[in-house]
Each structure stands twice: as structure tokens, then as C-alpha cells.
Amino acid sequence: MSETALAIRSVELLEIALPLVRPFRTSFGEEREKRAILVSIVSEDVAGWGECVTSTEPRYSEEWLGGAWIALADHLVPSLLAAGPILEPEDVGRRLAWVRGHRMAKAALEAAVLDAWLRAQGQSLVSYLGGVRDRVECGVSVGIASSIDAMLEEIHGYLAKGYRRVKLKIEPGRDLEVVRQVRGELPDTPLSVDANAAYELSDAPLFEALDELGLVMIEQPLDHEDLVEHAALQARLRTPICLDESIRSARDAKAAIRLGACRVINIKPGRVGGILEARRVHDAAKRQGAPCWIGGMLETGVGRAANLALAALPGVTMPGDTSASDRYFAQDLTEPLVLQPDGTIAVPSGPGMGVEPQRGRLEASVVRRRTI
Ligand code: OSB
Ligand code: MG
């Protein structure tokens, strides 16, 4: 697969800030602005881009933007560069394997290398990964709202645009009643809930009540480090449990499915350390007969394009949180990714990720940069 060795001249880190069209609230806090690190690889004749999905605070996982910046600048980028030209994308994971954790930071660097390497060969990410479709079904993740009316209005707007599945964020105190009301209003809409690990096994009666509402799945109800309790809860429910935070690798996915801790897997390349590991999670889920789908971290078009390519894999059988640019931003960094009226988005088919940041928009959103 390695016709081209990729000689990296330099790596640039750019921190960007982009306003969100509406605040996004989950059980662990609210985001009003998107902050991200973009990693840019410069080689002889091609550039490559990757997006790091860390939030500004270590709430979703132990990684956060400030830490990822240092991990990239002090350890990951120097280790990548020290070993010379890259012969194949798997080299990235091998060179960074000595660093424990820091998956989101590693994923961003791997994405940038993959983008550059594939551009040099004129191949799209979706074809390199083995994607089997040119458009993918999209759902939408709805933050916790101030009132049920505000939430319903937001949801009706998304359904009018064509989204095929609606995911409601829940937290203790804003759960059963909200979901019941939404279900009452929308009896036929594929609905799911995402608790972001906010509950205990002693809350099982709440989940048994949710089990009556015909949800597509219940995402990450319990602690991110507890597969055994998820298995105990899953045994009491008909609704599939989907794990997000708990799955950090293909190894985790295998264990979770085998233990019965979940029946569905949410795949996010940042959370599992890269696009290639994300494909291995997909392969493990497919082999064990568990449906999977591609999640999101409010990415700009740079990260979202890679998520769309992953969503084209054959074992991805449920709509993802791969929503359109306008669900997040008035103006994305890339050309906008657009939802079609049938609720799908076209998978970018150009070389590499198939998108790139537009210079003017990028420059207007950069708050910090460093070249290594
Ligand atoms: O739990 O899936 C999650 C966003 C940030 C962090 C965690 C999650 C989410 C989402 C939104 O649910 C997904 C998206 O639209 O990108
Ligand atoms: Mg989630």
C-alpha cells in the first residue's frame, strides 16, 4: 500500500474558536463556543489536516485541550518526526504507541498524516477505509434545553430538515418526564437518550420506565469505567444499551459486547485513538453482530468529514451524530457539509478527507498557533 513515503517538513498546531449556533448542554456542562486544535502537516507537495476533539475541560474524558496541546507539542509530534518518512499510515500508531492514553491527541495527528498521505496518492479516505456507500444517514443530538417547549421546537426544526433519528441528552431530574412528553408528541420518530454516564445502577427503575417508550437505544447510562454494571442493567432492559465513553479501543468493544454490557457501539475516532482504531472497533462490532454508528464531538468540517467516511463502513447500520455544518455553526471552517432532504449527507469523495479549512475563515478563528 506504500507507493509513497511521506516526508514531513513541519507540523503546525492551531487552536481555533468558533461560535456555536446554540449552546450545547449535557449532563456534564454547557458549551457555547467550539474550541479545537487543528493539526496541519506540511510535506514536500501536500498538506494534511486533522482535528483534535478535546473539550476545554476534562469532563467527557480525562483529556482536555490544554493537555492535548502539550502532549502533541512535547511528545507526539517529536516522536512522529524523529523516525523519518512515513511509509504507511499504520506507522503513526506504532510511533506513538509508547505514549499511554492521550487518544484524542494521537487521533488528530494520525488524521492529519492520513489526509496528507492519501492526498499524495490521490485516494479518498472513504475508499481507503473500505466504505460501501456514498451517502450516510444522519441523526441529531439535542442538548438539554431550558424548557420542554424550547426542546420540542428545536426537534421539530431538525425533523423538518430530514434528520432520521433524534437523540435526547438526559440528566438526573430531567429525564423520564421530558422523554415521555417528546415521545407523546412524536410517537413514530426514532428516539434515543444519552446520559453521559450520569446515573447509578440503583437508578435501574428509571431505565425500566424508559424501556417502555420504544427507544432505539440508551447511550452510556452508567459510569464510564464500569462494564459489569452496564451488563447488569442491560439484562433488565429490552432497549439496547449503547456505549460511548466506556469504549476506548477495539479491545474494550470486544469485552463490552462479550460481557453483554451493550448491544450497540458508538464509534468516535478521537475517543479510540484514531481513524484506524475506529475501523478496528467497527470490525470487532461487526464480527460479533453488534450494530454500530458514528458519534460526534461537535467537530468542525475537518473532523466531521472523517466521521462521514467511517459512517460509510458496512457494519455501520444506524444513523450517526454526523449532523450537517449548520446544526453547529453559522459558518463552518470547511465548505459546509449539507443534509439532503432524505436525511443523508454525501460522503466527501475527494483525495484525503475531501475537505480542507478555508484560509480566510481559518485565520479569523485562530487564537493560538505553534510550529514544530
Ligand atoms: O456524548 O455523544 C456525546 C458532544 C460532545 C461530547 C459528547 C457527546 C456529544 C454529542 C453531540 O452528543 C454529537 C455531535 O453532534 O457532534
Ligand atoms: Mg454520548
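Counting starts at 1 for both ligands and their atoms, following the listed order. Reckoned from all heavy atoms, side chains included, excluding hydrogens, waters and symmetry mates.
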_Tell me the contacting part of Asp194 for ligand 1: side chain, backbone, both, or neither, using a 4.0 Å heavy-atom threshold, strictly below._
side chain

*Examine the side chains of Asn307 and Glu299 and answer whether a donor and an acceptor come within less than 3.5 Å of each other.*
yes

*For ligand 1, which atoms, with element, lie under 4.0 Å from some heavy atom of Lys268?*
1 (O), 2 (O), 3 (C), 7 (C), 8 (C)

*Ser325 and Asp332: side-chain donor and acceptor closer than 3.5 Å?*
yes

*Indicate, as side chain, backbone, both or neither, the part of Asp244 found under 4.0 angstrom from ligand 1 when only non-hydrogen atoms are considered.*
side chain

*Between Glu356 and Thr334, is any side-chain donor less than 3.5 angstrom from a side-chain acceptor?*
no

_Using a 4.0 Å cutoff against the non-hydrogen atoms of Tyr328, which atoms of ligand 1 qualify?_
14 (C), 15 (O), 16 (O)

*Heavy atom of the protein closest to atom 13 (C) of ligand 1 (residue, atom name, distance)*: Gly296 O, 3.3 Å

*Met297 N/O under 3.5 Å from ligand 1 N/O*: yes

*Evaluate salt bridge (Lys or Arg N to Asp or Glu O under 4.0 Å) for Lys106 paired with Glu110, printing each intermediate quantity in order.*
CA-CA 6 Å; Lys106 288 175 177 173; Glu110 186 204 60; over 6 Å; no

*Distance to 0.1 Å, residue and atom name: give those for the protein heavy atom nearest to atom 16 (O) of ligand 1.*
Leu298 N, 2.8 Å

*asked:* Which residue and atom name correspond to the protein heavy atom nearest atom 4 (C) of ligand 1, and how close is it?
replied: Phe24 CE2, 3.6 Å

*Please calculate the OE2(Glu219)-the Mg ion (ligand 2)-OD2(Asp194) angle and round it to 10 degrees.*
90°

*In terms of atom number and element, which parts of ligand 1 are under 4.0 angstrom from non-hydrogen atoms of Lys169?*
1 (O), 2 (O), 3 (C), 8 (C), 9 (C), 10 (C), 12 (O)

*Near Glu200 CD, under 6.0 Å, is it more than 12 heavy atoms from other residues, nucleotides or ligands?*
no

*At under 4.0 Å between heavy atoms, which part of Lys167 makes contact with ligand 1: side chain, backbone, both or neither?*
side chain

*Quick one: report the N, O or S atom of Asp244 that is nearest to the Mg ion (ligand 2).*
OD2

*Cut-off 3.5 Å, side chains only: do Asp342 and Thr344 have a donor facing an acceptor?*
yes

*Atoms of ligand 1 less than 4.0 Å from Tyr60 heavy atoms?*
7 (C)

*Does the pair Glu15/Arg370 count as a salt bridge with the N-to-O cut at 4.0 Å?*
no

*Lys/Arg N to Asp/Glu carboxylate O, Arg95 vs Glu90, below 4.0 Å*: no

*With a cut-off of 4.0 Å, which atoms of ligand 1 are near a heavy atom of Asn196?*
1 (O), 3 (C)

*Which atoms of ligand 1 are found less than 4.0 Å from any heavy atom of Arg304?*
16 (O)

_Checking Tyr60 against Asp244: is there a side-chain donor and acceptor pair closer than 3.5 Å?_
yes

*Are Arg22 and Tyr328 linked by a side-chain donor-acceptor pair shorter than 3.5 Å?*
no

*For Ser141, take its heavy atoms, then give the atoms of ligand 1 lying under 4.0 Å from any of them.*
10 (C), 11 (C), 12 (O)

*Looking at Trp64, is Arg59 sitting on its ring face, NZ or CZ under 6.0 Å from the six-membered ring centre and within 45 degrees of the normal?*
no

*Provide the number and element of each atom of ligand 1 under 4.0 Å from a heavy atom of Glu219.*
2 (O)

